[in-house]
2 protein chains.
Amino acid sequence: MPRIADRSEQRRQIGAALLRLAGEEGLDQVSVRTVAAASGRSPGAVQKYFRSKEELLLFASQLSGERIERRMQTVDPTLPLRQALRALVLTILPLDEERRAETAAQLAFAVHAAHHPRLAEVRRRVDREVHDALARRLAAAGTPEPGPTADALIAVSDGLALRLLYAPGDADSLLAALDRAIATLTPP
Amino acid sequence: MPRIADRSEQRRQIGAALLRLAGEEGLDQVSVRTVAAASGRSPGAVQKYFRSKEELLLFASQLSGERIERRMQTVDPTLPLRQALRALVLTILPLDEERRAETAAQLAFAVHAAHHPRLAEVRRRVDREVHDALARRLAAAGTPEPGPTADALIAVSDGLALRLLYAPGDADSLLAALDRAIATLTPP
DNA sequence: CGTTCTAGGATACGGTCGTATTCTATCGAA
DNA sequence: TTCGATAGAATACGACCGTATCCTAGAACG
C-alpha cells in the first residue's frame with residue numbers, strides 16, 4: 001500500500017479553513033479555490049478530500065455545530081441557573097473577533113439551509129442537542145415549561161447573535177436585553 | 001423630450017423581483033441576469049435603473065425594511081399588549097409560503113450585512129425604528145425596562161424566524177416558545 | 001411631421017466558478 | 001529494491017458572473 005495521509009485530520013483542517021473564510025469574508029467568498037488557498041493547499045488537493053463543494057459545505061457545517069456543542073460543555077455545570085444560562089449564551093455571541101467569525105459562519109449556514117435540505121438537517125440536529133441540554137438544565141432548576149423556555153432562549157441567543165453581526169456597537173444594550181430575557185424566563 | 005418611464009416604480013418592481021428571488025432560491029442565486037428574468041426584463045433594462053449590483057442590493061434591502069415597517073403598522077393598536085405583541089411578531093414569522101420568502105430574504109440580507117457596512121447601516125436603521133415603536137408600546141402598557149424588553153422581543157422574533165426557515169415542522173413548539181417569551185417579558 | 005432623446009435589448013470582455021482530467025513525485029508493501 | 005497506489009499540483013473546459021458598449025425603436029416636443 002502506498003503513502004497515506006490522515007484523511008480525517010486533513011478534512012478537518014480544510015473545513016476549519018472554510019469556516020474561517022466564511023466567517024471573515026462571508027459565505028459567498030467561499031469557493032474551492034479560496035478555501036484551498038486559505039488552508040495552504042492547491043485546489044486539486046482539496047478535491048482529493050471532498051468530491052464536491054456541497055460535500056465540503058456539509059462537512060464544515062457539521063464541524064461548526066460540533067464546536068458549539070463542545071464549547072457549551074465547558075461551562076461550569078455547578079453554576080446557579082441564571083449565571084449558567086448567561087455563560088452559555090455568551091459562548092455563542094460574537095463579542096470578540098474570534099467568536100464573531102464563528103458566529104457569522106454559523107448564521108450564514110443557517111440562512112443557507114433555508115434552501116438546502118441537507119444543510120437544514122445538520123442544523124436541526126445541532127439545535128435539538130442544544131435544546132435538550134438546555135431543557136434538562138432548566139427542568140433540574142424547577143423552571144416551568146422547560147421545553148418552550150429552552151426554545152425561547154435559543155431564539156434570543158440567535159437573534160442577538162445575528163444583530164450583533166451588523167450592529168456590534170449595540171453590544172451593551174443587547175446584553176441588557178439578554179439579562180432581561182434570562183431574568184424573566186427563569187424562576188428567581 | 002422623448003418617451004419617459006416611471007423610474008421609481010420600475011425600480012420598485014425590479015427590487016421586488018430581487019426579493020422574491022432571494023426569498024425563494026437564496027441570495028446566492030441573485031444575479032443581474034436572474035433578477036432581470038424574474039422581473040420580465042432584459043439584463044440591459046435592469047442596468048438602466050441600477051448602476052451596479054450593489055446599488056440594486058441596497059435598494060432591495062431598503063424596500064424589504066419598508067415592507068416590514070408597513071406591515072407592523074397594520075396591527076390593531078387597540079389590542080391588549082400581549083395580543084398586540086403576538087400579532088406583531090406573527091407578521092414577521094415565516095409561517096406561510098408568502099412570508100417565508102420575505103423572511104428568508106430579510107435574514108439573508110442581515111447575514112450579508114455582517115460583511116457589508118452599507119447594508120449594515122440599512123439594517124440598523126430598520127431595527128431602530130422597530131425597536132422604538134415596540135418600546136413605546138411597552139412603556140405605554142407599563143412594562144418595566146421597555147428598551148431591553150423591546151430588544152429581547154426583536155431577538156426572539158429574529159431567532160424564531162431564522163429557525164423556522166430550516167425547521168418549519170417545529171412551528172407548533174416554536175409558537176409555544178413565543179408565547180412563553182411574551183408572557184414572561186410583559187406584565188400580566 | 002421631423003427631430004431628438006431615451007427605454008430597453010443585444011452583444012462583448014475579462015474574470016471566476018465547479019469540476020474533470022492528467023501528470024509527477026513519493027511512500028509503503030512485496 | 002522494485003512496483004503500485006496515492007497525494008497533490010497543474011491544467012482544461014464550459015458556464016455564469018458584473019459591467020461596458022452599441023444598437024434600435026418609439027414617444028414627446030418643436
Side-chain angles (χ1 to χ4, degrees), chain A residues 1-22 24-61 105 108-109 112-113 115-119, chain B residues 1-22 24-61 105 108-109 112-113 115-119:
Chain A
M1 295 301 166
R3 100 201 234 211
I4 56 162
D6 185 339
R7 286 194 70 83
S8 72
E9 169 59 19
Q10 301 275 352
R11 282 167 67 94
R12 211 194 54 75
Q13 284 185 17
I14 296 170
L18 187 152
L19 292 181
R20 201 180 326 131
L21 191 59
E24 289 172 1
E25 312 205 25
L27 200 48
D28 46 54
Q29 295 300 319
V30 166
S31 74
V32 176
R33 285 166 175 81
T34 56
V35 170
S39 72
R41 268 162 255 258
S42 74
V46 171
Q47 280 185 297
K48 288 285 172 181
Y49 292 98
F50 297 96
R51 303 177 180 284
S52 66
K53 186 183 180 182
E54 190 197 9
E55 185 183 322
L56 174 51
L57 283 175
L58 283 169
F59 178 83
S61 176
F109 276 125
H112 206 71
H115 312 284
H116 195 310
R118 310 236 278 139
L119 265 176
Chain B
M1 295 300 165
R3 93 201 240 213
I4 54 162
D6 184 339
R7 289 194 69 82
S8 71
E9 169 59 20
Q10 300 275 353
R11 282 167 66 93
R12 213 195 52 77
Q13 284 185 19
I14 296 170
L18 188 152
L19 291 181
R20 202 180 326 129
L21 190 59
E24 290 172 359
E25 313 206 25
L27 201 46
D28 46 52
Q29 296 300 319
V30 167
S31 73
V32 176
R33 286 166 174 82
T34 56
V35 170
S39 72
R41 269 163 256 258
S42 73
V46 171
Q47 281 184 296
K48 289 284 173 181
Y49 293 98
F50 298 96
R51 302 178 182 285
S52 66
K53 186 184 179 182
E54 190 198 9
E55 185 184 323
L56 175 51
L57 283 175
L58 282 170
F59 179 83
S61 177
F109 277 125
H112 206 70
H115 312 284
H116 194 310
R118 309 237 278 140
L119 266 176

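Numbers restart at 1 for each chain; the letters A, B, ... are given by sequence-line order, proteins then strands. All values below come from the heavy atoms of this structure, side chains included, with hydrogens, waters and symmetry mates left out.
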Quiz item: Among the nucleotides C:dA7, C:dC17, D:dG8, which one has an atom lying closest to any side-chain atom of A:Ala45?
Solution: D:dG8
Quiz item: What nucleotide, of C:dG18, C:dA7, D:dG8, holds the atom closest to the side chain of A:Ser31?
Solution: C:dG18
Please give, in whole Å, the distance from [N] [atom2] to [X] [atom1]?
{"X": "A:Glu9", "N": "D:dA7", "atom1": "CD", "atom2": "P", "result": "15 Å"}
{"X": "A:Leu57", "N": "C:dG18", "atom1": "CG", "atom2": "C1'", "result": "12 Å"}
{"X": "A:Glu55", "N": "C:dG18", "atom1": "CD", "atom2": "P", "result": "14 Å"}
{"X": "A:Arg11", "N": "D:dG8", "atom1": "CZ", "atom2": "P", "result": "14 Å"}
{"X": "A:Asp6", "N": "C:dC27", "atom1": "CG", "atom2": "P", "result": "17 Å"}
{"X": "B:Arg41", "N": "C:dG9", "atom1": "CZ", "atom2": "P", "result": "8 Å"}
{"X": "B:Gln10", "N": "C:dG9", "atom1": "CD", "atom2": "P", "result": "10 Å"}
{"X": "A:Leu18", "N": "C:dC17", "atom1": "CG", "atom2": "C1'", "result": "15 Å"}

Quiz item: What's the verdict on side chain to side chain contact (heavy atoms under 4.5 Å, CB included) for B:Glu54 and B:His116, showing C-alpha distance, side-chain angles and the deciding distance?
Solution: CA-CA 10 Å; B:Glu54 190 198 9; B:His116 194 310; 3.0 Å; yes
Exercise. For each nucleotide in nucleotides 10-15 of chain C, reading 5' to 3', give B when a protein heavy atom comes within less than 4.0 Å of its base, S when such contact involves only the sugar-phosphate, and - otherwise.
Key: --B---
Quiz prompt | Heavy-atom closest pair, residues B:His115 and A:Glu24 | solution = ND1-O, 3.4 Å
Exercise. Please report the closest heavy-atom contact between A:Leu57 and A:Leu119, naming both atoms and the distance.
Key: O-CD2, 4.3 Å
Self-check item: Donor-acceptor pair, side chain of A:Arg20 and main chain of A:Ala38, under 3.5 angstrom
Solution: yes
Quiz item: A:Gln10 versus A:Lys48: any side-chain heavy-atom pair under 4.5 Å?
Solution: no
Exercise. Ignoring backbone atoms, test whether A:Arg51 places a side-chain nitrogen or oxygen under 4.0 Å from the OP1 or OP2 oxygen of C:dA20.
Key: no
Quiz item: Is any side-chain nitrogen or oxygen of B:Tyr49 closer than 4.0 Å to OP1 or OP2 of C:dA7?
Solution: no
Quiz item: Do the side chain of A:Lys53 and the base of C:dG18 come within less than 3.5 angstrom through a donor-acceptor pair of N or O atoms?
Solution: no
Practice problem: Let me know which of B:Leu21, B:Leu19, B:Leu56 forms a side chain to side chain contact (heavy atoms under 4.5 Å, CB included) with B:Val30. | Solution: B:Leu21
Quiz item: Just checking, is any N or O donor in the side chain of B:Arg33 or B:Ser31 under 3.5 Å from an acceptor N or O on the other one?
Solution: no
